[in-house]
K.L.:
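Take a look at this one; I'll ask things after.
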Number of protein chains: 2
Amino acid sequence: MAQRTEPLRSDAQQNRERILEVARDALATSPHVSLNSIAKAAGVGPGTLYRHFPNRQALVLGVYRQEIGQLVDLAPALIAKHPPLTALRLWFDRLAHYGRIKHGLADVLHAAINDQVLRETYGPMVGAIDLLLRSCEASRKIRDGVDAEDVLLLMGFLWRIVPGRAGEARAGRLFDLIMDGLQARTN
Amino acid sequence: MAQRTEPLRSDAQQNRERILEVARDALATSPHVSLNSIAKAAGVGPGTLYRHFPNRQALVLGVYRQEIGQLVDLAPALIAKHPPLTALRLWFDRLAHYGRIKHGLADVLHAAINDQVLRETYGPMVGAIDLLLRSCEASRKIRDGVDAEDVLLLMGFLWRIVPGRAGEARAGRLFDLIMDGLQARTN
DNA sequence: ACCTGAACACCGTTCAAGT
DNA sequence: ACCTGAACACCGTTCAAGT
């Protein structure tokens, strides 16, 4: 966990970046591409890929780490600029924009629930939502007993929506429904 | 599609059943078991398995067809016995009870959104929910513009919940939230 | 310290040969 | 009509040999 202590040798660093770059596109195109084919496309031996990413999950996690980071950083920025409920809703919208990488992201977040190692990614994500929820609670606008993990689970429908106009309309409808459900009636 | 026209030869029928029986347990234990190992455990050659189920998806679908059928049949029964909103809620509860097979069920339903062949399974499921929703709408208790597919998508959080006490509590909370969200405020 | 690529056990899938 | 099981191409993963 945390950050690596020693910097990578420059050739290793380059390999790592090339692998991630190739993997991002390959996984977006079809989530079942073989790791060997990714290694080949990145111009490295399979052993090199495995040195950097000991298994498929690790590679997928590496690919999505950046995008998740962006999402996490967005939360405090939105809170600073908008009323609490608006910030929450805007964050939902952004979450919906992860087009082709959606499915992989879902896998990572889901796996993170069970897998210790992956909590590294799951944690910040839950943290971002928690931030948004707390700022809503401060003005008593959210129902009691709902936590950040609840919301992330609810948002999971996003990964299963088909892209396009119809999908966006559906997402909008469900966001509205969830926002209504979140707003206190039990308070 | 629809039903097969000719009955299977009796040995073929037996093989089919043995394969499904073994597959049900194997897939529940770990979703990634190889088809060859399932064939072996069922005491048939790999070719036989492929004759009955041309790919992994077909096998998984075969396994879950029965459980989905039960769920679908439950909808009208609940409507007959309970007020509309109660029937809907009770159906949700039953949906939550598919313990170890949850994840596979999710895969089937998700794949069905994109795959023509699988609509056979997806359709009745959506139909059951539609039935429940219509009976609620008849008494104007459901918000406008929400359809059965919306609800099935929302229910998707169930597949990602961890089993046990904590999971059940979470499911209860989220069901309440969704039920509140479903109830008309926009009407 | 890192990379290469041959090698291993295993996978999904096919198909000639049987009954 | 259906089953068997050897066979094929390919997969994830390892590791001795190189730089």
Side-chain angles (χ1 to χ4, degrees), chain A residues 3-64 103-104 107-108 111 115 117-118, chain B residues 3-64 103-104 107-108 111 115 117-118:
Chain A
Q3 301 293 50
R4 60 176 52 264
T5 60
E6 313 237 358
L8 285 174
R9 222 170 62 181
S10 71
D11 58 340
Q13 176 63 29
Q14 272 190 2
N15 276 334
R16 198 190 149 85
E17 279 165 13
R18 292 220 45 205
I19 291 169
L20 276 176
E21 190 183 347
V22 168
R24 183 195 323 278
D25 293 340
L27 288 170
T29 303
S30 82
H32 291 322
V33 265
S34 76
L35 299 192
N36 276 350
S37 73
I38 290 177
K40 197 174 210 170
V44 300
T48 302
L49 191 150
Y50 276 83
R51 161 167 273 265
H52 288 288
F53 305 99
N55 52 54
R56 186 181 207 89
Q57 222 177 33
L59 179 61
V60 172
L61 182 62
V63 167
Y64 293 116
H103 209 87
D107 289 343
V108 169
D115 192 324
V117 180
L118 294 180
Chain B
Q3 300 295 50
R4 60 175 52 263
T5 60
E6 314 236 357
L8 285 174
R9 221 171 62 181
S10 72
D11 57 341
Q13 176 63 30
Q14 272 191 1
N15 277 333
R16 199 191 148 84
E17 279 165 12
R18 292 220 46 203
I19 291 169
L20 277 177
E21 189 183 346
V22 167
R24 183 196 321 281
D25 293 340
L27 289 171
T29 303
S30 82
H32 291 323
V33 265
S34 75
L35 300 192
N36 277 351
S37 74
I38 290 177
K40 197 174 211 172
V44 301
T48 302
L49 191 151
Y50 276 83
R51 162 166 272 265
H52 288 287
F53 307 98
N55 52 53
R56 185 182 206 87
Q57 221 176 34
L59 179 61
V60 173
L61 182 63
V63 167
Y64 293 116
H103 208 87
D107 290 344
V108 168
D115 191 324
V117 180
L118 294 181

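Chain identifiers are assigned alphabetically (A, B, ...) following the order of the sequence lines, protein sequences preceding nucleic acid strands; residue numbering begins at 1 within each chain.
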K.L.:
Return the value, rounded to whole Å, for the distance between atom CZ of A/Arg51 and atom C1' of D/dA16.
P.N.:
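Computing the A/Arg51:CZ to D/dA16:C1' distance gives 14 Å.
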K.L.:
CG of B/Asn36 versus P of D/dC10: gap in Å, rounded?
P.N.:
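Rounded to whole Å, this separation is 17 Å.
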K.L.:
Does B/Gln14, at its CD atom, have more than 12 non-hydrogen atoms belonging to other residues, nucleotides or ligands within less than 6.0 Å?
P.N.:
no
K.L.:
Do B/Tyr64 and B/Arg24 touch side chain to side chain, with heavy atoms closer than 4.5 Å?
P.N.:
no
K.L.:
Where the side chain of B/Arg56 is concerned, which of C/dG12, D/dC2, C/dA6 is the nearest nucleotide?
P.N.:
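Per side-chain heavy atoms of B/Arg56, the pick is C/dG12.
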K.L.:
Report yes if at least one side-chain N or O of A/Asn15 is closer than 4.0 Å to OP1 or OP2 of C/dC3; otherwise report no.
P.N.:
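A/Asn15 to C/dC3 OP1/OP2: side-chain N or O found under 4.0 Å.
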K.L.:
If you assign B/His32 and A/Ala12 each to the DNA chain C nucleotide with the nearest heavy atom, which residue ends up on the more 5' nucleotide?
P.N.:
A/Ala12
K.L.:
D/dC8 pairs with which nucleotide, Watson-Crick or G-U wobble, both distances below 3.5 Å?
P.N.:
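Pair assignment: D/dC8 / C/dG12.
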K.L.:
Can you check the B/Leu49 CG to D/dC2 P distance for me, whole Å?
P.N.:
15 Å
K.L.:
Check every atom of C/dA6, D/dC2, D/dG5 against the side chain of B/Arg9 and return the nucleotide holding the closest atom.
P.N.:
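The listed nucleotide nearest to B/Arg9's side chain is D/dC2.
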K.L.:
Across all strands shown, which nucleotide pairs with D/dA1 by Watson-Crick or G-U wobble geometry, both distances under 3.5 Å?
P.N.:
C/dT19
K.L.:
Send over the distance from B/Phe53 CZ to C/dG12 P, rounded to a whole Å.
P.N.:
15 Å
K.L.:
Nearest-Å distance, CD1 (A/Ile38) to C1' (D/dT13)?
P.N.:
15 Å
K.L.:
Starting the side chain at C-beta, find the nucleotide from C/dA6, C/dT4, D/dC3 nearest to A/Thr48.
P.N.:
C/dT4
K.L.:
Are B/Asn55 and B/Leu35 close enough that some pair of their side-chain heavy atoms sits under 4.5 Å apart?
P.N.:
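Sidechains of B/Leu35 and B/Asn55: no contact.
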K.L.:
Measure from CD on A/Gln14 to C1' on C/dA1 and round the result to the nearest Å.
P.N.:
16 Å
K.L.:
Give a yes/no on whether any side-chain N or O of A/His52 is located under 4.0 angstrom from OP1 or OP2 of C/dC2.
P.N.:
no
K.L.:
Side chain of A/Tyr50 only, please: which of C/dG12, D/dT14, D/dC2 is the nearest?
P.N.:
D/dT14
K.L.:
Under 3.5 Å, is there a donor-acceptor pair between the side chain of B/Thr29 and the main chain of B/Asp25?
P.N.:
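Yes; at least one donor-acceptor contact below 3.5 Å.
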K.L.:
A/Ser37 or B/Gly43: which one's nearest nucleotide on DNA chain D is closer to the 5' end?
P.N.:
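The residue closer to the strand's 5' end, by nearest nucleotide, is B/Gly43.
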K.L.:
For A/Leu35 and C/dG5, give me the distance from atom CG to atom C1', rounded to whole Å.
P.N.:
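In whole Å, C/dG5 C1' lies 16 Å from A/Leu35 CG.
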K.L.:
In this structure, how many angstroms lie between the C1' atom of D/dG5 and the NZ atom of B/Lys40, rounded?
P.N.:
11 Å
K.L.:
Is the closest side-chain heavy-atom distance between B/Val44 and B/Arg18 below 4.5 Å?
P.N.:
no
K.L.:
Mind checking if A/Ser34 touches a base, just sugar-phosphate, or nothing, with heavy atoms under 4.0 Å?
P.N.:
sugar-phosphate
